[in-house]
*Asks:* 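One structure, as structure tokens, below. Some questions next.
No hydrogens, no waters, no symmetry mates; every other heavy atom, side chains included, goes into these values.
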Amino acid sequence: MEDDYYSLLNLDRKCGEEEIKGAYRRQSRLFHPDRHCDANKESAELNFQKIKRAYEVLIDPQLRTIYDLYGVQGVESGQHLALYDMDRNKIKETFERIQRQKKEKEQEAATNPISHISVELDASGLCYSNRETYITELFNIPINSFVISQSVDAPLTESNRATVMCTAINNNDVATGLIQTHVRHTFSENTWLESGLTFGHGATVTLTGYRKLTKFLWSTFRSQCSRIEREYLQYSAGATLGCNIGDSTVIKAEISLDKTVKGVITKSWEKLRLYLSYQIGLENQVLSCQLIRPLKIGNPPDAQVECSAKYDLVEGIHIEYGASKQLTEYSRLAALVRIGYVSGVKLKLMLTRGQHSYRFDIMFSDVIEPVAVLYGTFIPVFVYSSLHWLVINPYLNKLKAEDIAAKSEELKTQLERAKEEAREAVTLMRPTYDRNVNVEQCKGGLVIVQAWYGVFGSANKLIDVTVPVQCLVSNSKLILPEHTKTGLVGFYDVSYGEDKQLAVKYRFRNIMHEVIIADGEPLKIPRQYHVDIACPRRPGVWTIAEIG
């Protein structure tokens with residue numbers, strides 16, 4: 001387990017240079033070998049070197065940036081030597097580019113099977129059925145269309161890749177199929193060329209290319225020639241020019257031989273993404289606007305809500321709204337409701353699992369009906385809630401328990417070493433602890449009476465951290481930044497993967513108080529509003545007496 005340099009110095013990740021120097025001075029006085037007897041010098045030297053190394057990294061702007069991006073391994077492995085002369089933004093860009101290239105190379109070196117299944121259902125009968133026929137309609141929902149495709153993407157040489165895709169389509173009892181092949185040749189990271197051949201309803205030959213023109217400009221072109229019937233050829237071509245304005249704005253414009261102009265403008269903010277698109281042609285004009293709001297809810301904390309409005313000269317006006325949620329590391333569930341004068345009311349359910357996707361389009365009504373809108377809105381909520389409580393939660397809890405058990409066994413030796421180091425650190429802190437307590441008692445300041453850290457309700461997963469917490473008190477104040485307390489000197493991870501808390505019982509101005517916080521929460525005491533231990537507590541909240 002790597003040391004957390006911010007925790008070692010009890011610093012916030014946004015701390016400044018003066019705060020780093022002040023924290024280093026306090027910790028140096030605590031663990032300097034010259035302040036301890038011969039019996040404790042070795043342990044003091046070990047802790048002092050950790051504190052010193054943390055200070056050397058965090059006080060240097062370049063090293064600190066590399067540590068924030070790469071961690072301890074990045075700093076110690078010498079990766080920083082090539083980046084040392086860059087500023088913070090340049091280092092971040094370089095790191096992200098390296099990570100992106102590494103991921104692309106891993107994907108390029110693998111054979112990737114990709115599958116897609118799409119089903120369209122007609123559930124309009126549910127909206128118009130009465131109580132007697134509802135069950136009959138529910139079990140007799142017709143399937144309008146069914147599409148299943150399977151593709152394999154594999155490298156041929158270092159610069160060539162091939163993709164083969166087979167698609168089977170059944171639309172209103174009319175079955176068709178397609179076979180597509182694509183070969184891409186990569187000349188450099190800025191240029192590639194791809195040719196494709198499709199057989200099915202006729203034959204189609206395509207040629208697509210990409211070229212990065214400058215740091216901000218890029219372009220693509222596409223040409224296509226299709227033979228639909230004997231002696232009948234159809235040709236089309238188009239080109240796209242794109243511009244990246246910083247990391248948050250993308251502008252694309254496309255023009256084709258059929259005198260159609262398309263464009264997309266993308267703008268991203270921290271809490272909102274905007275997509276504007278348009279199409280101007282002889283046969284149709286389209287204008288659409290989409291807003292996406294990312295949310296950090298659930299576990300994993302990755303979700304988003306979106307809404308969009310679209311004007312189409314052929315299909316009229318329609319709106320869409322919905323949400324998507326990351327279920328696991330490789331799975332995502334999304335639901336969208338589409339309402340339009342021509343398209344009616346339709347619900348789209350999409351599940352993505354790695355390289356495989358499943359889509360279900362459910363038509364509730366050919367026209368806009370309030371009942372159909374209610375069905376489309378509340379069915380996905382009901383389905384997700386049921387899956388969440390009956391399937392997803394139990395599955396994630398099972399995976400978490402298995403991971404904790406495997407990781408705990410793997411880290412057993414490291415845990416024993418961390419436990420021993422914490423005990424030695426507490427022994428070194430004793431003289432400072434006694435002096436600190438005497439000083440605070442004489443002026444009626446902040447005295448830590450008792451502090452516990454770990455999993456409450458389990459005695460063998462708790463450690464007494466009274467001494468290290470008191471040693472962090474300065475001028476009758478205790479400030480712990482917003483990060484896990486595991487990395488603080490004198491602390492250690494008593495139970496990998498489980499939710500931990502910190503409980504502190506303290507005396508300030510001769511009045512007893514107590515506070516309990518989650519592991520990652522910041523703490524600043526004495527607080528403006530204290531909770532006296534004599535006051536009734538909320539149900540389910542542990543008290544210091546019960547913890548001990």
*Asks:* How are the rings of Tyr210 and Trp192 set relative to one another: parallel (under 30°), tilted (30 to 60°) or perpendicular (over 60°)?
*Replies:*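 Correct class here is parallel.
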*Asks:* Check the side chains of Gln326 and Ser331 for a donor-acceptor pair under 3.5 angstrom, ignoring hydrogens and angles.
*Replies:*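 The criterion, which ignores hydrogens and geometry beyond distance, is not satisfied for Gln326 and Ser331.
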*Asks:* Taking NZ, NE, NH1 and NH2 as the nitrogens, is one of them in Glu498 or Lys461 under 4.0 Å from a carboxylate oxygen of the other?
*Replies:*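 Lys461 and Glu498: salt-bridged.
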*Asks:* What heavy-atom pair brings Val449 and Arg507 nearest, and what distance separates the two atoms?
*Replies:*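 Taking every non-hydrogen atom into account, CG2-NH1, 3.9 Å.
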*Asks:* If I take atom CD from residue Glu416 and atom OH from residue Tyr492, how far apart are they, to the nearest 0.5 angstrom?
*Replies:*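 With rounding to 0.5 Å, CD (Glu416) is 8.0 Å from OH (Tyr492).
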*Asks:* When rounded to the nearest 0.5 angstrom, what distance separates CH2 in Trp452 from CD1 in Ile516?
*Replies:*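 Those atoms lie 13.0 Å apart.
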*Asks:* If every non-hydrogen atom of Ala323 is compared with every non-hydrogen atom of Val305, which pair is closest and at what distance?
*Replies:*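 Minimum heavy-atom contact is CB-CG1, 4.0 Å.
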*Asks:* Just by distance, no angles: are the side chains of Arg273 and Gln290 close enough, under 3.5 Å, to form a donor-acceptor pair?
*Replies:*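 No, no side-chain donor-acceptor pair sits under 3.5 Å.
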*Asks:* Verify, without hydrogens or angle tests, whether Asp302 (side chain) and Lys296 (backbone) share a donor-acceptor contact under 3.5 angstrom.
*Replies:*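 No; zero donor-acceptor contacts below 3.5 Å.
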*Asks:* Would Tyr24 and Tyr55 count as a close aromatic pair, with their ring centres under 6.0 Å?
*Replies:*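 Distance test on ring centres: under 6.0 Å, yes.
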*Asks:* Once rounded to the nearest 0.5 Å, what's the spacing between atom CD1 of Ile292 and atom OG of Ser268?
*Replies:*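 Rounded to the nearest 0.5 Å, the CD1-OG separation comes to 8.5 Å.
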*Asks:* For a quick check under 3.5 Å, do Ser277 and Ser288 share a side-chain donor-acceptor pair by atom type?
*Replies:*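 Result is yes, a qualifying pair exists.
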*Asks:* Can you confirm whether the side chains of Asp493 and Tyr453 place a donor and an acceptor under 3.5 Å from each other?
*Replies:*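 Tyr453 and Asp493 do not have a side-chain donor-acceptor pair below 3.5 Å.
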*Asks:* Do the side-chain N and O atoms of Thr157 and Asn160 include a donor-acceptor pair separated by under 3.5 angstrom?
*Replies:*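 Yes, a side-chain donor-acceptor pair sits under 3.5 Å.
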*Asks:* Show the numbers, then the answer: is there a side chain to side chain contact (heavy atoms under 4.5 Å, CB included) between Val152 and Thr163?
*Replies:* CA-CA 6 Å; Val152 177; Thr163 303; over 6 Å; no
*Asks:* Ignoring hydrogens and angles, state whether a donor on the side chain of Thr352 or Arg332 is under 3.5 Å from an acceptor on the partner side chain.
*Replies:*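 Distance-only check fails for Thr352 and Arg332.
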*Asks:* Do the side chains of Leu428 and Leu30 get nearer than 4.5 Å, heavy atoms only?
*Replies:*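 A side-chain contact under 4.5 Å is absent here.
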*Asks:* For Glu42, I'd like to know if atom CD has over 12 heavy atoms of other residues, nucleotides or ligands within 6.0 Å.
*Replies:*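 Result for CD/Glu42: open.
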*Asks:* Using 0.5 Å steps for rounding, measure from the CD1 atom of Ile251 to the CD1 atom of Ile265.
*Replies:*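 It is 5.5 Å, given to the nearest 0.5 Å.
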*Asks:* State whether the side chain of Glu402 and the backbone N or O of Leu399 hold a donor-acceptor pair below 3.5 Å, judged by distance alone.
*Replies:*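 Between the backbone of Leu399 and the side chain of Glu402 there is no qualifying donor-acceptor contact (under 3.5 Å).
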*Asks:* Look only at the side chain of Asn475 and the backbone of Lys477, and say whether a donor-acceptor pair between them is shorter than 3.5 Å.
*Replies:*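 Such a contact is absent between Asn475 side chain and Lys477 backbone.
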*Asks:* Please report the shortest heavy-atom distance between Cys289 and Leu274, naming the atom on each side.
*Replies:*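 Closest pair (atom of Cys289, atom of Leu274, distance): SG-CD1, 3.8 Å.
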*Asks:* Any luck finding a side-chain donor-acceptor pair between Glu424 and Ser43 under 3.5 Å?
*Replies:*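 Per modelled atom types, Glu424 and Ser43 side chains form a pair under 3.5 Å.
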*Asks:* For the backbone of Ile448 and the side chain of Gln470, can you confirm whether one donor and one acceptor N or O come within less than 3.5 Å of each other?
*Replies:*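 Answer holds: yes.
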*Asks:* Between the side chain of Lys485 and the main-chain N/O of His483, is any donor-acceptor distance below 3.5 Å?
*Replies:*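 Looks like yes, one N/O pair under 3.5 Å.
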*Asks:* Give the minimum heavy-atom separation between Asn436 and Cys471, together with the two atoms involved.
*Replies:*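 Between these two residues, the closest heavy atoms are ND2-CA, 4.1 Å.
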*Asks:* Going through the checks in order, is the side chain to side chain contact (heavy atoms under 4.5 Å, CB included) test met by Ile245 and Phe216?
*Replies:* CA-CA 7 Å; Ile245 304 175; Phe216 304 104; over 6 Å; no
*Asks:* How long is the straight-line distance from CG of Leu58 back to CG of Asp68, given to the nearest 0.5 Å?
*Replies:*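 Between Asp68 CG and Leu58 CG, I get 8.0 Å after rounding to 0.5 Å.
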*Asks:* Whether the Thr432 and Arg435 side chains hold a donor-acceptor pair (N or O, under 3.5 Å, no angle test) is what I'd like checked.
*Replies:*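 Yes.
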*Asks:* Is a donor from one side chain sitting under 3.5 angstrom from an acceptor on the other, for Arg211 and Thr191?
*Replies:*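 Side chains of Arg211 and Thr191: pair found under 3.5 Å.
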*Asks:* Has the side chain of Glu306 got a donor or acceptor atom that lies under 3.5 Å from a matching backbone atom of Arg293?
*Replies:*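 Flag not set: sc Glu306 to bb Arg293 has no pair under 3.5 Å.
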*Asks:* For the residue pair Arg64 and Tyr67, would you count it as a cation-pi contact if the rule is NZ or CZ under 6.0 angstrom from the ring centre and within 45 degrees of the ring axis?
*Replies:*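 Ring-cation test returns no.
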*Asks:* Between Pro33 and Ala44, which heavy-atom pair has the shortest distance, and what is it?
*Replies:*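 Here Pro33 and Ala44 meet closest at CA-CB, 4.1 Å.
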*Asks:* Would you call Lys348-Glu320 a salt bridge at under 4.0 Å N-O?
*Replies:*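 A salt bridge links Lys348 with Glu320.
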*Asks:* Under 3.5 Å, is there a donor-acceptor pair between the Thr377 and Tyr321 side chains?
*Replies:*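 Yes, side-chain donor-acceptor contact under 3.5 Å.
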*Asks:* Does Lys252 reach the main-chain N or O of Val264 with its side chain, forming a donor-acceptor pair under 3.5 Å?
*Replies:*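 Absent.
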*Asks:* Give a yes or no on whether the backbone of Arg353 and the side-chain of Ser357 come within a donor-acceptor separation of less than 3.5 Å.
*Replies:*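 The answer is no, because no donor-acceptor pair under 3.5 Å joins these two groups.
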*Asks:* For the pair Glu19 and Leu11, evaluate side chain to side chain contact (heavy atoms under 4.5 Å, CB included) and give the outcome as yes or no after the intermediate values.
*Replies:* CA-CA 8 Å; Glu19 294 173 286; Leu11 290 169; 4.2 Å; yes
*Asks:* Let's go through Tyr384 and Leu327 carefully: what are the C-alpha distance in whole Å and the side-chain angles of both, what is the deciding distance for side chain to side chain contact (heavy atoms under 4.5 Å, CB included) to 0.1 Å, and is it a yes or a no?
*Replies:* CA-CA 10 Å; Tyr384 175 75; Leu327 304 179; 3.8 Å; yes
*Asks:* Is Arg161 salt-bridged to Asp153, going by a charged N under 4.0 Å from an acidic O?
*Replies:*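 Yes.
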*Asks:* If you count every heavy atom of other residues, nucleotides or ligands that lies below 6.0 Å from Tyr330 atom OH, does the total exceed 12?
*Replies:*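 12 or below, so no.
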*Asks:* Can you check side chain to side chain donor-acceptor pair (under 3.5 Å) on Ser159 and Thr186, steps first, answer last?
*Replies:* CA-CA 5 Å; Ser159 57; Thr186 302; over 6 Å; no
*Asks:* Short question: side chain of Asp60, backbone of Glu56 - any donor-acceptor pair under 3.5 Å?
*Replies:*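 Checking the backbone N and O of Glu56 against the side chain of Asp60, no donor-acceptor pair under 3.5 Å is found.
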*Asks:* Just so I know, are the side chains of Thr249 and Thr266 near enough to count as touching, which here means a heavy-atom distance under 4.5 Å?
*Replies:*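 Thr249 does not reach Thr266 side chain to side chain.
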*Asks:* Could you walk me through whether Glu440 and Ser476 pass the side chain to side chain donor-acceptor pair (under 3.5 Å) check?
*Replies:* CA-CA 7 Å; Glu440 294 293 334; Ser476 299; 2.7 Å; yes
*Asks:* What is the distance from atom CD of Glu45 to atom NZ of Lys52, rounded to the nearest 0.5 Å?
*Replies:*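 Those atoms lie 8.5 Å apart.
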*Asks:* Between Ser188 and Asn190, does a side chain to side chain donor-acceptor pair (under 3.5 Å) hold up when you go through it step by step?
*Replies:* CA-CA 5 Å; Ser188 67; Asn190 297 327; 4.7 Å; no
*Asks:* Provide the closest heavy-atom pair for Ile517 versus Pro522 in the form atom of the first, atom of the second, distance.
*Replies:*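 Result for this residue pair: CD1-O, 4.1 Å.
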*Asks:* Would you say Thr486 and Lys500 make side-chain contact, with heavy atoms under 4.5 Å?
*Replies:*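 Of all side-chain heavy-atom pairs linking Lys500 with Thr486, at least one is under 4.5 Å.
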*Asks:* Please confirm whether the backbone N or O of Leu8 pairs with a side-chain atom of Gln27, one donor and one acceptor, at under 3.5 Å?
*Replies:*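 Yes, Gln27 side chain to Leu8 backbone: donor-acceptor pair under 3.5 Å.
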*Asks:* Regarding Glu421 and Lys50, does a basic nitrogen lie under 4.0 Å from an acidic carboxylate oxygen?
*Replies:*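 Yes.
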